[in-house]
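Remarks on the structure that follows.
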Amino acid sequence: MKTLDRASIEPRLLAALRTRNYSLATERQYSHWAGRFMRFRQRREGLPLGAASIQAFLEDLAVRKRVSPSTQHQALCAVVFLHRYVLHVEPGDFADFVRARRRPRIPLVLSRQEVEALLAEITGIEAVVASLLYGSGLRLSEALRLRVKDIHFERRELLVRGGKGDKDRHTMLPDALVPALQRSVRWASRWFERDLANGVADVELPHALARKYPNATKELAWRFVFSAPGLSICPRTGAYRRHHLHPTRIQRAVKAARAAAGIHRPITCHTLRHSFATHLLEDGYDIRTVQELLGHSSVRTTMIYTHVLNRGGRGVRSPLARAPEGD
């Protein structure tokens, strides 16, 4: 059995991920699963690398740990990546592993009145971000990574760069959010001017753009619209720079607003994106239009929202509505 030393594998794993432009969140997830896989193999003496160890690990997650299908799939992607690009061992055929039981899930969606009540309880910059999630159908990470150059006020359009799957797309900019976003851009400009005066006008750029455009960090266009109020150290490069707002700031605001609005369901920031899609379909927009706005690769993914529309008896009128009021 080949012994895996996490201390030596971790740097190689991170290097392989960054070479292929994986996100920081994916780095952390893959590192987590690589560590769990190596600890699993230490407990299973004589288990070789490749299909046998991958299958045993995935079955242990499903049978003993009882993880969800999405968690098992995430672990599968991580260990296959580890084998192929770090250990240079072909994963082999493990297609017959025990899969975690998949149950049909319908996304939780708020009514229009609930959305209005929720957003009314959020203030400040958090309210602008939350309104973008519902008004433009953005994921939280997409909203926070929005840069000044990605907003086209005249065309009422947002350009989402490097969304899920590293895909770009255009989506709408609601008229109601234009004044708030213009204020956010002005705040980003003030932070930029302060950083420029202090000699710390640096910003994270995707892929190799920092080398291609060495002066881009000194341009307002590349600044995050929702810039953080303080400087921080980049976990990848160690650079001291201004990043965007931390996601937990928005998540906590939505959680507090949910309680204040009296909504007794486990909603998250992503619920606003689900509500955006469902309400567009309710308004009669074509499902392929909604697909493009959401950035889904397949229309089958978008079709989950048609099940939400059919919820509650598929439009059938309850007999209670026809019950007589009295004798």
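We're numbering straight along the sequence, starting at 1.
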Practice problem: Identify the heavy atoms of G135 and P174 that sit nearest to each other, and give their distance. | Solution: O-CG, 3.3 Å
Quiz item: Run the side chain to side chain contact (heavy atoms under 4.5 Å, CB included) check on L87 and I9 step by step: do they pass?
Solution: CA-CA 8 Å; L87 303 176; I9 287 178; 3.8 Å; yes
Self-check item: Side-chain heavy-atom pair I125, R249 within 4.5 angstrom cut-off
Solution: yes
Exercise. Answer yes or no: does atom CZ of R252 have more than 12 heavy-atom neighbours from other residues, nucleotides or ligands under 6.0 Å?
Key: no
Exercise. Start with the C-alpha gap between I267 and E114, add the side-chain angles, then the distance that decides, and say whether side chain to side chain contact (heavy atoms under 4.5 Å, CB included) holds.
Key: CA-CA 11 Å; I267 66 172; E114 287 175 322; over 6 Å; no
Practice problem: Classify the side-chain pair S232/H243 by whether it contains a donor and acceptor separated by less than 3.5 Å. | Solution: no
Quiz item: Is R36 paired with D60 through a side-chain N to carboxylate O contact shorter than 4.0 Å?
Solution: no
Quiz prompt | Beyond-backbone contact of L272 with L118, side-chain heavy atoms, under 4.5 angstrom | solution = yes
Practice problem: Could you check if a side-chain atom of I151 sits within less than 4.5 angstrom of a side-chain atom of L158, using non-hydrogen atoms only? | Solution: yes
Quiz prompt | hydrophobic_cluster_shared for V225 and L231, side chain cutoff 4.5 Å | solution = no
Self-check item: Nearest-0.5 Å distance that lies between atom CZ in R161 and atom CG in D168
Solution: 5.0 Å
Quiz item: So Y305 and H274, would you call those rings parallel, tilted or perpendicular, with 30° and 60° as cut-offs?
Solution: tilted
Quiz prompt | CZ (R20) with more than 12 external heavy atoms under 6.0 Å | solution = yes
Practice problem: Determine, using the 4.5 Å side-chain heavy-atom cutoff (strictly less than), whether L245 and Y240 are members of one ILVMFWY cluster. | Solution: no
Exercise. Could you please spell out the steps behind the side-chain hydrogen bond (donor to acceptor under 3.5 Å, both in side chains) verdict for T26 and S23?
Key: CA-CA 5 Å; T26 303; S23 69; 2.9 Å; yes
Quiz item: Is it true that E292 and R169 make a salt bridge, defined as a side-chain N closer than 4.0 Å to a carboxylate O?
Solution: no
Self-check item: Residue that, paired with T306, satisfies side chain to side chain contact (heavy atoms under 4.5 Å, CB included) out of T278, I287, V290
Solution: I287
Quiz prompt | Working for side chain to side chain contact (heavy atoms under 4.5 Å, CB included), residues F153 and V185 | solution = CA-CA 11 Å; F153 288 109; V185 170; 4.2 Å; yes
Self-check item: Flag if over 12 foreign heavy atoms under 6.0 Å of NZ, K167
Solution: yes
Practice problem: First locate atom CG of L82, then atom OG of S31, and finally report the distance between them rounded to the nearest 0.5 Å. | Solution: 10.0 Å
Self-check item: L13 side, atom CG; W33 side, atom CH2 - distance, nearest 0.5 Å
Solution: 14.5 Å
Quiz prompt | Check: R44 side chain, A56 main-chain N or O, donor-acceptor pair, under 3.5 Å | solution = no
Exercise. Return the minimal non-hydrogen interatomic distance between F226 and S184, and the atom names on each side.
Key: CE2-OG, 3.8 Å
Quiz item: In this structure, are over 12 heavy atoms from other groups packed under 6.0 Å from R300 atom CZ?
Solution: no
Quiz item: Under the 3.5 angstrom rule, does the side chain of R12 hit a backbone N or O of V86 as a donor-acceptor pair?
Solution: yes
Quiz prompt | Worked check of side chain to side chain contact (heavy atoms under 4.5 Å, CB included) between L196 and F192 | solution = CA-CA 6 Å; L196 203 60; F192 170 66; 4.1 Å; yes
Self-check item: Nearest atoms (heavy-atom pairs only) where R258 meets P266
Solution: NH1-CA, 3.6 Å
Quiz item: What distance do R139 atom CZ and L132 atom CG have between them, rounded to the nearest 0.5 Å?
Solution: 14.5 Å
Quiz prompt | Hphob cluster co-occupancy, F81 + L24, side-chain heavy atoms under 4.5 angstrom | solution = no
Quiz item: Hey, does L61 have a side-chain heavy atom less than 4.5 Å from the side chain of T71?
Solution: no
Quiz item: Does atom CZ of R112 have more than 12 heavy-atom neighbours, drawn from other residues, nucleotides or ligands, at distances under 6.0 Å?
Solution: yes
Quiz item: Y30 versus C77: any side-chain heavy-atom pair under 4.5 Å?
Solution: yes
Quiz item: Taking the side chain as C-beta and beyond, is there a heavy-atom pair between V200 and R242 under 4.5 Å?
Solution: no
Quiz item: Is the backbone of R288 close enough, under 3.5 Å, to the side chain of D286 for a donor and an acceptor to pair up by distance?
Solution: yes
Quiz item: Got a salt bridge between K149 and E219, using NZ or NE/NH1/NH2 to carboxylate O under 4.0 Å?
Solution: no
Quiz item: Hey, does P48 have a side-chain heavy atom less than 4.5 Å from the side chain of S53?
Solution: no
Practice problem: Check for a donor-acceptor pair, side chain of H83 on one end and backbone N or O of V89 on the other, with a separation under 3.5 Å. | Solution: no
Quiz item: What is the ring orientation for W191 with W187, classed by angle as parallel under 30°, tilted 30 to 60°, or perpendicular over 60°?
Solution: tilted
Practice problem: For H32, check side chain to side chain donor-acceptor pair (under 3.5 Å) against everything at least two apart and list the hits. | Solution: none
Exercise. Specify the closest pair of heavy atoms between T248 and H246, including all atoms of both residues, with the distance to one decimal.
Key: OG1-ND1, 2.9 Å
Self-check item: Distance in Å, L146 CG paired with L181 CG, rounded so as to fall on 0.5 Å steps
Solution: 7.0 Å
Quiz item: Using the ring of each side chain (for Trp, its six-membered ring), is H279 parallel, tilted or perpendicular to Y134, with breaks at 30° and 60°?
Solution: perpendicular
Self-check item: Nearest non-hydrogen partners of A216 and L205, listed with the distance
Solution: CB-CD1, 3.9 Å
Exercise. Would you check if there is a donor-acceptor pair between the side chains of Q251 and T268 at a distance under 3.5 Å?
Key: no
Quiz item: Is the backbone N or O of S189 less than 3.5 Å from a side-chain atom of R223, with the two atoms forming a donor-acceptor pair by type?
Solution: no
Quiz item: Does a salt bridge link E27 with R18, judged by any charged N lying under 4.0 Å from a carboxylate O?
Solution: yes
Quiz item: Are the side chains of M172 and L177 in touch, meaning some heavy atoms are under 4.5 Å apart?
Solution: no
Quiz item: Above 12 or not: heavy atoms from other molecules or residues under 6.0 Å from CG of L159?
Solution: yes
Quiz item: Hey, what do you get for OG (S275) to CG (L110), rounding to the nearest 0.5 Å?
Solution: 4.0 Å
